[in-house]
Amino acid sequence: MFKVKVYVTLRESVLDPQGAAVKHSLQSLNYNEVSEVRIGKYMELTIEKSERNVEDVVKEVCDRLLANPVIEDYRYEIEEVVAQ
Amino acid sequence: MKFAVIVFPGSNCDIDMYHAIKDELGEEVEYVWHDADSLEGFDGILLPGGFSYGDYLRSGAIARFSNVMKEVIKAAEAGKPVLGVCNGFQVLLESGLLPGAMRRNESLKFICRPTALKVQNNNTMFSSEYQEGEVITVPIAHGEGNYYCDEETLQQLKENNQIVFTYENNPNGSLENIAGIINENGNVLGMMPHPERAVDELLGGADGLKLFRSIVKQWREANVITNA
């Protein structure tokens with residue numbers, strides 16, 4: 001079985017209004033060194049071993065549902081775990 | 001003409017849509033549940049506003065995979081009029097029937113108020129009863145109506161005259177003030193403002209009615225044989 005972490009963020013070219021608002025808040029708290037904030041989503045998937053390559057499955061679910069390629073990018077980490 | 005109002009779990013403008021068609025327009029209308037596997041017998045498909053599937057993941061992302069959407073796509077491919085309003089527009093974007101995507105409103109606030117819209121293209125089956133350049137008042141009610149598409153798509157939208165409605169005073173940061181777009185074939189319209197909430201002077205205005213009248217007029221001209 002695999003534990004998969006998926007991170008979905010708005011693409012660099014897309015303005016992130018939430019991130020911009022949080023950045024302004026941090027700057028009003030005098031954290032002027034914070035120059036950018038981008039807000040995204042973090043998802044944890046558990047995927048059972050199958051005849052399919054796990055990375056292919058992860059890419060497919062990201063492309064089809066978890067991220068919207070028009071405005072979002074994604075990256076993932078796959079870790080194989082042995083069931084106890 | 002017979003309309004279907006698609007009802008997803010979380011739709012909340014379905015009753016307004018039904019009322020607009022039945023009571024104000026005087027046409028036939030039925031609710032169709034999201035797991036239906038046929039849209040046979042319907043001449044027009046309406047995807048109402050609301051929060052389908054709680055807006056989980058992204059607005060419209062889950063609804064797009066509901067059973068009835070296969071039939072909505074078939075109806076769209078067959079050239080039937082398909083109108084998506086607000087969350088319905090978001091579902092059309094997620095399903096790929098229209099290009100682009102929605103971001104959170106620039107202000108991050110949910111905005112609910114009447115807005116002035118300009119009719120940019122009155123040469124569609126949804127807007128033929130308006131004048132080109134006419135300014136109409138239709139309410140908006142959304143938190144994610146900030147339309148986005150890439151430069152290439154925007155050029156295509158402009159070249160093909162697919163931008164049907166724009167905001168006079170952009171409320172949400174939407175690209176090029178876009179409030180509503182149509183597909184290349186001219187039979188799928190998505191818009192954030194709610195024409196079904198502007199169908200009665202008593203309730204603040206009836207500027208939305210002409211949109212529904214346009215659909216019916218076009219359908220009659222194409223499908224009803226008159227014995228003149």
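Each chain gets a letter, A, B and so on, in the order its sequence line appears, and its residues count up from 1.
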Do other residues, nucleotides or ligands put more than 12 heavy atoms under 6.0 Å from the [atom1] atom of [X]?
| X | atom1 | value |
| --- | --- | --- |
| A:Tyr7 | OH | yes |
| B:Lys80 | NZ | yes |
| B:Asp35 | CG | yes |
| B:Leu108 | CG | yes |

Checklist entry - Non-hydrogen atoms of chain B under 4.5 Å away: do they reach the side chain of A:Arg11, the backbone, both or neither? => result neither
Checklist outcome for this item: Nearest heavy-atom contact between B:Ala61 and A:Leu65 is O-CD1, 3.7 Å
Item to check | Top contributor to chain A contacts, counting heavy-atom pairs under 4.5 Å, from B:Arg103, B:Glu106, B:Arg58 | outcome: B:Arg58
Item to check | Residue-level interface, residues 31-63 of chain A with chain B, non-hydrogen cut-off under 4.5 Å | outcome: A:Lys41, A:Met43
Checklist entry - Pick from A:Ala21, A:Pro17, A:Ser13: which one has the most heavy-atom pairs with chain B under 4.5 Å? => result A:Pro17
Item to check | chain B contacts, top residue of A:Asn68, A:Ile71, A:Val14, A:Leu10 (heavy-atom pairs, under 4.5 Å) | outcome: A:Asn68
Item to check | Portion of B:Leu57 that has a non-hydrogen atom of chain A nearer than 4.5 angstrom | outcome: both
